[in-house]
Amino acid sequence: MTTNEHTTLVLGGTGRVGRRVTRKLIERGVNVRVGSRTGEPPFDWEDPSTWAGAVAGVKSAYLMYYPEVEWPGAGDAIAAVARLAVDAGVERLVLLSARNQDEAVRCEDAVTSLPVEWTIVAPASFNQNFDEGVFLEPLRHGVLALPAGDNADPFIDANDIADVAVAALTEEGHVGERYELTGPRLWTFAEGVGEIARATGRELRYVPITRDRFADAIVDDGAPREFAEPLATLISEFFDGRNSSLADGVERALNRKPRDFADWVAEIAPTGVWDAA
């Protein structure tokens with residue numbers, strides 16, 4: 001598959017991983033269609049009437065589900081879009097999945113059951129949750145409270161995830177592969193927050209809390225209960241210890257080691273993103 005003879009659709013092309021996939025594809029000379037509500041044509045997970053137009057005329061696609069592939073209903077939505085894509089002539093699908101999550105498995109099954117070239121990319125928790133996602137504002141206020149206990153996770157840089165996705169979209173040798181992506185070592189949240197504290201010179205704390213208390217806190221911050229409850233469940237399950245192991249997906253896909261969380265923190269800290277609110 002060459003990179004300059006077809007269009008690649010990147011769903012969530014303005015998100016944490018998607019915008020990196022978009023940039024890296026463009027750097028390789030790939031014609032990219034950004035799949036977002038503001039894209040041309042638009043793509044909106046909440047508006048199925050936009051799905052067919054977004055996949056029309058593309059030869060490969062990066063699939064992700066918003067807000068998360070573990071979200072209730074993600075499997076049905078991914079299945080519908082993937083089928084539309086294949087029926088429209090898409091030849092290769094790369095799915096952003098997750099490790100050890102039932103709904104993510106449904107998404108994977110929906111893609112791998114189709115007559116299409118496929119690759120599954122299943123990462124650990126992103127480093128970028130700490131500087132671009134839901135962990136940022138609590139850190140700026142000094143305390144990150146999560147229903148994650150003292151379990152460890154092999155945080156991974158979104159750039160590593162994007163590199164694997166781009167390789168799968170543009171190169172041979174990745175079809176039929178399922179890559180579990182992790183960083184090179186395990187970190188508890190106390191250790192991760194401590195690393196950010198050392199790099200910034202701030203007093204930061206991690207506090208383990210219950211799932212219900214976390215959901216209540218999200219509601220108190222203004223989120224609707226119907227969003228807060230599944231988010232609390234997602235986080236409490238993802239960080240319940242089931243993902244406290246390393247995988248070799250980055251090495252297998254890219255023939256190099258993944259970036260360490262500490263090296264990433266050292267680069268991000270000078271930007272001031274974790275300065276006190």
Side-chain angles (χ1 to χ4, degrees), residues 15-17 67-71 97-101 104 122-161 180-221 223 227-247 249-250 258-277:
R16 279 169 293 173
V17 178
E68 300 288 350
V69 74
E70 307 97 316
W71 206 257
S97 186
R99 304 176 78 201
N100 303 312
Q101 299 289 322
S125 179
F126 309 164
N127 295 355
Q128 282 72 14
N129 286 327
F130 290 88
D131 74 327
E132 300 177 20
V134 294
F135 303 162
L136 175 57
E137 283 306 309
L139 284 171
R140 295 184 70 227
H141 286 86
V143 179
L144 177 61
L146 293 173
D150 296 321
N151 297 305
D153 196 76
F155 305 130
I156 185 167
D157 190 338
N159 286 292
D160 284 338
I161 303 170
E180 283 203 16
L181 311 181
T182 73
R185 54 176 166 155
L186 294 169
W187 295 77
T188 65
F189 274 96
E191 292 168 340
V193 171
E195 189 68 25
I196 295 172
R198 283 188 290 275
T200 59
R202 294 189 59 207
E203 292 186 5
L204 303 174
R205 291 186 297 126
Y206 163 67
V207 178
I209 59 174
T210 65
R211 175 211 169 277
D212 290 344
R213 185 178 171 192
F214 179 80
D216 291 341
I218 296 295
V219 172
D220 290 344
D221 285 341
F227 174 82
E229 290 292 338
L231 178 63
T233 298
L234 186 156
I235 290 178
S236 62
E237 290 182 352
F238 196 90
F239 298 111
D240 65 2
R242 70 183 68 187
N243 292 312
S244 297
S245 62
L246 302 180
V250 173
R259 193 178 192 192
D260 189 75
F261 181 75
D263 294 334
W264 174 80
V265 169
E267 178 187 313
I268 298 301
T271 68
V273 67
W274 291 308
D275 289 351

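Every heavy atom of this structure was used, including side-chain atoms; hydrogens, water molecules and symmetry mates were not.
Not one N or O on the side chain of S244 forms a donor-acceptor pair closer than 3.5 Å with the backbone of N151. A donor-acceptor contact shorter than 3.5 Å links the side chain of D160 to the backbone of R259.
The heavy-atom pair separating L139 from L144 by the smallest distance is CD2-CB, 4.1 Å. When all heavy atoms of V250 and L181 are compared, the closest pair comes out as N-CD2, 3.6 Å. Here the shortest heavy-atom pairing between E195 and V265 reads O-CG1, 3.9 Å. The shortest heavy-atom contact between G133 and R16 is CA-NH1, 4.2 Å. Of all heavy-atom pairs spanning A124 and P154, the tightest one is CB-O, 3.4 Å. A228 and V219 make their closest contact through CB-CG2, 3.6 Å (heavy atoms, listed as atom of the first residue, atom of the second, distance).
With no hydrogens or angles considered, no side-chain donor-acceptor pair links R99 and T182 at under 3.5 Å. With hydrogens and angles left out, the side-chain atoms of Q128 and D157 include a donor and acceptor closer than 3.5 Å. Checked by atom type, the side-chain pair N129/S125 shows a donor-acceptor distance below 3.5 Å.
Heavy-atom neighbours of R242 CZ from other residues, nucleotides or ligands within 6.0 Å: above the threshold of 12.
Atom OG1 in T233 sits 3.5 Å away from atom CZ in R211 (nearest 0.5 Å). Note that the CZ atom of F214 and the CD1 atom of I235 stand 3.5 Å from one another [nearest 0.5 Å]. Atoms CD and CG, from E137 and D221 in turn, are 9.5 Å apart once rounded to the nearest 0.5 Å. Between the CG atom in D212 and the CD atom in E229 there is a gap of 6.5 Å [rounded to 0.5 Å]. Distance CZ/R198 to CG/L204: 11.0 Å, rounded to 0.5 Å. Atom CG of N100 sits about 11.5 Å away from atom CD of E237, to the nearest 0.5 Å.
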Derivation and outcome, side-chain contact (heavy atoms from CB on, under 4.5 Å), residues L234 and E68 = CA-CA 9 Å; L234 186 156; E68 300 288 350; 3.7 Å; yes
message = Working note: V193 + R205, criterion side-chain contact (heavy atoms from CB on, under 4.5 Å); need CA distance, chi angles, decisive distance, verdict.
response = CA-CA 7 Å; V193 171; R205 291 186 297 126; 5.7 Å; no
ask   = Would F135 and L146 count as a side-chain contact (heavy atoms from CB on, under 4.5 Å) if you check the C-alpha gap in whole Å, the side-chain angles of each, and the deciding distance to 0.1 Å?
value = CA-CA 9 Å; F135 303 162; L146 293 173; 3.6 Å; yes
ask   = I268 and W274: side-chain contact (heavy atoms from CB on, under 4.5 Å), yes or no, with the steps?
value = CA-CA 9 Å; I268 298 301; W274 291 308; 3.6 Å; yes
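Residues P147 and T210 have side chains not in contact (no heavy-atom distance under 4.5 Å, counting atoms from C-beta outward). Counting heavy atoms from C-beta on, the side chains of F261 and I156 never come closer than 4.5 Å.
The only member of F126, W264, F189 that meets ring pair (Phe, Tyr, Trp, His ring centres under 6.0 Å) when paired with F155 is F189. Considering D153, D260, D263 in turn, D260 is the only one that fulfils the salt bridge (Lys or Arg N to Asp or Glu O under 4.0 Å) rule with R185.
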